[in-house]
Undergrad: 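This is the structure I have questions about; it appears just below.
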Amino acid sequence: MLRSTRRTFVHGSMATAGALWLPKRLRAQGAGGGTLRTVMHGDLRAFDPIWTTANITAYHGAMIYDTLFALDESMTPQPQMVSQWEVSDDRLTYTFELRDGLGFSDGSPVTSRDVVASIKRWAARDGAGQHMMQRVKEIRAENEKTFVIELEEPYGLVIDVMAKTSTPLLYIMREAEAETDPMEQVTEFIGSGPFTFNRDETRQGAQYVYDRRDDYVPRDEPASGLAGGKIVKMDRVIFENIEDSQTAMAALQAGEIDFYETPPLDLISVLEMDPDITVEVLNQTGNVGWMRLNFLHPPFDNVKARQAMLHLIDQEEFMQATFGNPEYYNKCASNFACGTPMENDANTEWFERAPDPERARELFAEAGYDGQPITILHATNIDFMNNAAQIVAQRLREIGINAELATSDWGGVVTRRAVMEAPADGGWNIFITWAGGASVGNPIALAGHAANGRDGWFGWPEDELHEQLRDEWAMAEGQEGQLEVARKIQENAWEFVPHVWLGQWVAPVAYRNDIQGVLKIPEIVPFWNIERV
Amino acid sequence: MLAYIIRRLGSTVLVMVIVGVFVFMLLHLSPGDPAAIVAGDQASPAQIAQIRERLGLDDPLPIQFLRWASGVVQGDLGVSIFSGEPVLKLIGERLEPTVSLTLTTLVFAVVIAVTFGVIAAANAGSLADRALMGFSVLGFSVPVFVVGYLLIYVFSIQLRWLPVQGYTPIAQGLWPWFERLILPTIALGMAYVALIARITRTSMLEVLSEDYIRTAKAKGVASRPLLLKHALKNAGVPIVTVIGIGVALLIGGVVITETVFNIPGVGRLVVDAISKRDYPIIQGVILLFSAAYVLINLLVDISYTFLDPRIRY
């Protein structure tokens with residue numbers, strides 16, 4: 001029997017109470033202001049933000065669904081759909097209350113049952129959610145507005161996990177949709193968020209249309225990151241799918257679109273010189289390029305060979321090859337992305353000396369490397385992956401390693417990287433990808449931070465101490481406590497080398513000067529708060 | 001003639017069956033797993049395996065093929081693996097932009113190219129002939145995307161006369177529809193103009209050296225009726241043949257042109273589907289393109305009977 005003395009841990013209740021004094025119409029969305037045309041980083045291929053972890057689907061989710069908590073601009077979790085919450089003294093029971101006025105776009109109210117079903121479906125697909133659920137005894141709806149999470153053991157990340165911006169985010173759907181098998185897509189898109197998805201005017205592959213929801217009741221706090229009042233100031237936002245970057249740039253210059261999320265860095269100077277266009281970095285933690293090493297097969301089943309790769313790599317070379325302008329990239333030795341709270345310098349002496357090809361050659365020899373081919377998966381249709389794979393192959397060959405590129409498009413790489421067999425039987429030794437800096441900065445949020453062997457992410461690193469430390473990090477209290485554990489994780493990681501980072505970069509967005517109010521937050525681009533002036 | 005058409009339509013069905021089997025096998029035997037793409041970058045191998053099972057991608061290939069083929073026979077091309085939308089609906093939405101671009105390009109290319117070819121043949125060896133044939137070589141040599149970017153830079157960015165990209169349905173007005181097709185039509189039509197103009201010139205030169213043309217000249221037929229009525233009609237068969245063959249060129253060009261000018265047509269649909277291994281869409285679009293190509297060549301064959309009364313089927 002749980003006995004808890006509740007301590008006051010109330011957030012946001014004053015603001016909510018104050019807001020209730022205002023007539024609903026005044027608390028609802030701001031006045032409309034035309035159409036905002038945007039070009040995002042990719043095509044919206046699937047609409048269910050829990051079913052797929054594609055970032056563009058998370059953007060779509062942020063338009064039409066709301067979240068229980070959200071990160072503000074300083075990356076601090078803030079209540080969003082929750083009005084107040086408290087945790088018992090034994091840290092085992094979290095009680096949450098939904099704020100007034102929450103409703104779905106079909107007019108039905110958001111209830112605790114919707115929330116409980118949404119959490120369960122999300123946790124079935126999200127790595128961090130699963131990490132939390134391993135400690136969850138029960139999630140239940142107490143009444144229409146109150147729900148409870150009961151834990152088996154204290155877990156310090158309950159709020160952080162629910163607020164995280166890495167995909168999939170915990171979006172709140174109606175119970176009817178949230179009860180869909182997590183392995184199948186929902187087919188109805190009735191949202192709890194500030195926009196509605198206009199499927200009639202959406203043309204798959206061409207444009208995705210979102211209309212302002214007049215009955216959405218935003219919070220009263222000013223918008224900050226994904227937190228605060230989601231006041232929509234445009235009537236409509238359209239995600240245009242312009243595949244060709246030159247065309248998208250020309251369309252922005254000609255005023256046919258208002259916002260371009262990923263202008264190519266090699267042409268960014270053209271936009272910077274245009275007096276009608278603002279170029280700005282919204283996501284300061286950007287992305288981190290990384291190389292996964294396959295722990296299942298030689299030579300990288302030997303720690304010496306993995307350590308060799310740390311000494312071989314010069315991050316500057318990888319960043320220069322694709323991003324060119326040093327204004328937009330930096331080298332980073334931390335196992336947790338630079339610029340995030342967990343960034344640290346534990347056990348990074350190797351980085352000061354890198355590249356050190358002679359040391360790498362010695363370590364491969366100590367690993368007993370016998371000239372066998374090393375298969376590098378090489379995606380040619382994505383610049384960073386294409387360039388990085390070729391550089392890795394060249395540097396390996398220079399120290400006498402028999403590196404082979406297995407060339408395909410990214411679709412081919414994502415298929416082959418899942419193959420656990422030996423490289424000669426369709427497997428691999430190295431593949432290259434990237435992840436969002438905010439996720440890399442969190443030992444739990446990024447699936448690739450796990451070292452739980454064959455149950456884990458591609459490359460299947462295995463290290464018992466690493467997993468113990470990740471759990472310890474999840475239990476740590478406060479940022480200082482977490483940083484202390486993060487240092488231990490990194491100290492150990494750069495000994496057993498779960499992966500190798502290739503550098504960190506940011507991608508500026510470009511938009512017409514007549515729009516303002518663009519919010520800064522990693523991993524998502526919000527379209528509330530934006531208006532045309 | 002009717003029997004010939006029926007026979008050709010019958011062979012079209014056979015071609016479609018062969019195309020269907022070939023495309024299905026090619027797709028499923030080539031690397032790439034839609035389940036892995038669907039699952040996203042953070043998914044574990046176990047999650048990918050679950051999605052693959054749900055999508056039926058674990059079933060033996062013959063079963064997958066029969067499932068797809070039986071749907072096709074009933075007019076159902078399946079649903080997109082990613083969006084869950086019916087493939088027929090997706091193709092239907094994309095057909096108007098592609099058909100519009102193809103038709104405007106055909107009209108533009110035939111009118112310009114035949115005119116160029118006739119002028120060049122009538123003035124063989126002159127400066128005009130060399131200039132027009134030089135232009136044709138240029139049309140062949142410069143890729144569609146280069147022409148496209150140049151047109152956008154000059155007419156959209158610098159002069160601001162025409163929009164950069166996009167497509168407006170014809171239901172929203174003739175000019176808004178045509179305005180967005182002008183630059184793509186020119187870009188796509190360049191190579192086609194070059195091809196038809198050169199064949200027209202060659203064919204016309206051959207006809208112009210015939211005895212009956214000399215006789216017509218001797219009888220005092222004016223040069224314009226001589227070229228258009230007597231020579232061009234008799235030079236028509238090879239020109240029409242090249243137009244038919246060129247449709248394949250056009251289909252390839254449509255894919256690139258739709259990308260450069262952001263036209264939401266069938267070409268972009270299939271390119272996108274290939275990148276994400278959305279098998280039902282790829283199979284559906286290739287079947288459609290194959291049927292269109294076979295039928296256009298049937299129309300070309302039939303048109304021979306109008307151009308040359310000696311041809312009978």
Side-chain angles (χ1 to χ4, degrees), chain A residues 43-47 51-55 57 125-127 166-168 181-185 187 203-207 240-244 246-248 250-251 253-254 256-257 381 408-420 433-435 439 446-448 450 454-458 460, chain B residues 30-51 53-55 80-85 89-90 93-94 97 145 148-149 152-153 156-157 160 162-167 256 258-265 268-269 271-278 281:
Chain A
D43 184 24
L44 179 59
R45 294 164 172 179
F47 301 141
W51 184 69
T52 177
T53 59
N55 280 77
T57 307
R125 295 301 304 267
D126 179 63
S166 58
T167 62
D181 183 333
M183 292 298 155
E184 288 179 8
Q185 284 204 70
T187 51
R203 276 177 291 142
Q204 181 95 37
Q207 63 170 31
E240 302 261 10
N241 179 33
I242 302 182
E243 198 174 334
D244 187 273
Q246 297 258 22
T247 308
Q253 288 181 290
E256 291 177 27
I257 60 166
N381 60 328
S408 69
D409 65 354
W410 175 241
V413 171
V414 296
T415 304
R416 189 164 174 182
R417 72 180 183 181
V419 177
M420 289 187 177
T433 184
W434 73 70
S439 304
L446 185 75
R454 286 174 180 262
D455 292 333
W457 205 63
F458 314 100
W460 308 285
Chain B
S30 60
D33 178 3
I37 299 169
V38 159
D41 209 42
Q42 293 286 303
S44 67
Q47 287 175 326
I48 293 171
Q50 276 179 295
I51 291 175
E53 188 191 339
R54 295 299 167 95
L55 294 174
S80 161
I81 288 174
F82 287 79
S83 67
E85 300 273 7
K89 175 177 175 270
L90 290 172
E93 286 174 355
R94 303 298 194 93
F145 67 88
Y149 290 140
I152 288 172
Y153 181 74
S156 303
I157 305 280
R160 305 254 169 163
L162 292 164
V164 174
Q165 50 85 38
Y167 175 79
I256 299 165
E258 286 180 355
T259 302
V260 170
F261 290 96
N262 189 37
I263 295 171
R268 275 190 57 203
L269 179 69
V271 168
D272 189 44
I274 289 169
S275 72
K276 61 189 180 188
R277 307 295 194 272
D278 201 334
I281 293 181

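Within every chain, numbering begins at 1; the chains are lettered A, B, ... in the order of the sequence lines, protein sequences first and strands thereafter.
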Undergrad: Got a second to check how far B/Y167's OH is from A/Q207's CD, nearest 0.5 Å?
TA: 13.0 Å
Undergrad: Between B/R94 (side chain only) and A/Q204 (backbone N and O only), is there a donor and an acceptor less than 3.5 Å apart?
TA: yes
Undergrad: Looking at every non-hydrogen atom in both residues, tell me the closest pair between B/V271 and A/E243 and how far apart they are.
TA: CG1-OE2, 4.1 Å
Undergrad: Can you tell me how far CD1 of B/I48 sits from CE of A/M183, rounded to the nearest 0.5 angstrom?
TA: 10.5 Å
Undergrad: Which atoms form the tightest heavy-atom contact between A/W51 and B/F82, and what is the distance?
TA: CZ3-O, 3.9 Å
Undergrad: Give me the atom names and distance for the closest heavy-atom approach of A/G205 to B/R268.
TA: O-NH2, 3.3 Å
Undergrad: As an exercise: rank A/N241, A/I257, A/T187 by heavy-atom pairs under 4.5 Å with chain B and give me the winner.
TA: A/N241
Undergrad: Considering all heavy atoms of both residues, which atom of A/A250 and which atom of B/I152 are nearest to each other, and what is their separation?
TA: CB-CG2, 3.7 Å
Undergrad: Mind running side chain to side chain contact (heavy atoms under 4.5 Å, CB included) on B/F261 and A/D244 for me, showing each step along the way?
TA: CA-CA 8 Å; B/F261 290 96; A/D244 187 273; over 6 Å; no
Undergrad: With a 4.0 Å cut-off, would you call A/D409 and B/R277 a salt bridge?
TA: yes
Undergrad: Is it the case that more than 12 heavy atoms not belonging to B/Y149 sit under 6.0 Å from its OH atom?
TA: yes
Undergrad: Which atoms of B/Q165 are under 4.5 Å from chain A, going by heavy atoms: the side chain, the backbone, both sets, or neither?
TA: both
Undergrad: Using heavy-atom distances under 4.5 Å, tell me whether A/R416 contacts chain B through its side chain, its backbone, both, or neither.
TA: neither
Undergrad: Relative to chain A, which of B/I81, B/D278, B/V260 shows the most heavy atom pairs under 4.5 Å?
TA: B/V260
Undergrad: How far apart are the closest heavy atoms of A/A251 and B/V164, and which atoms are they?
TA: N-CG1, 3.9 Å
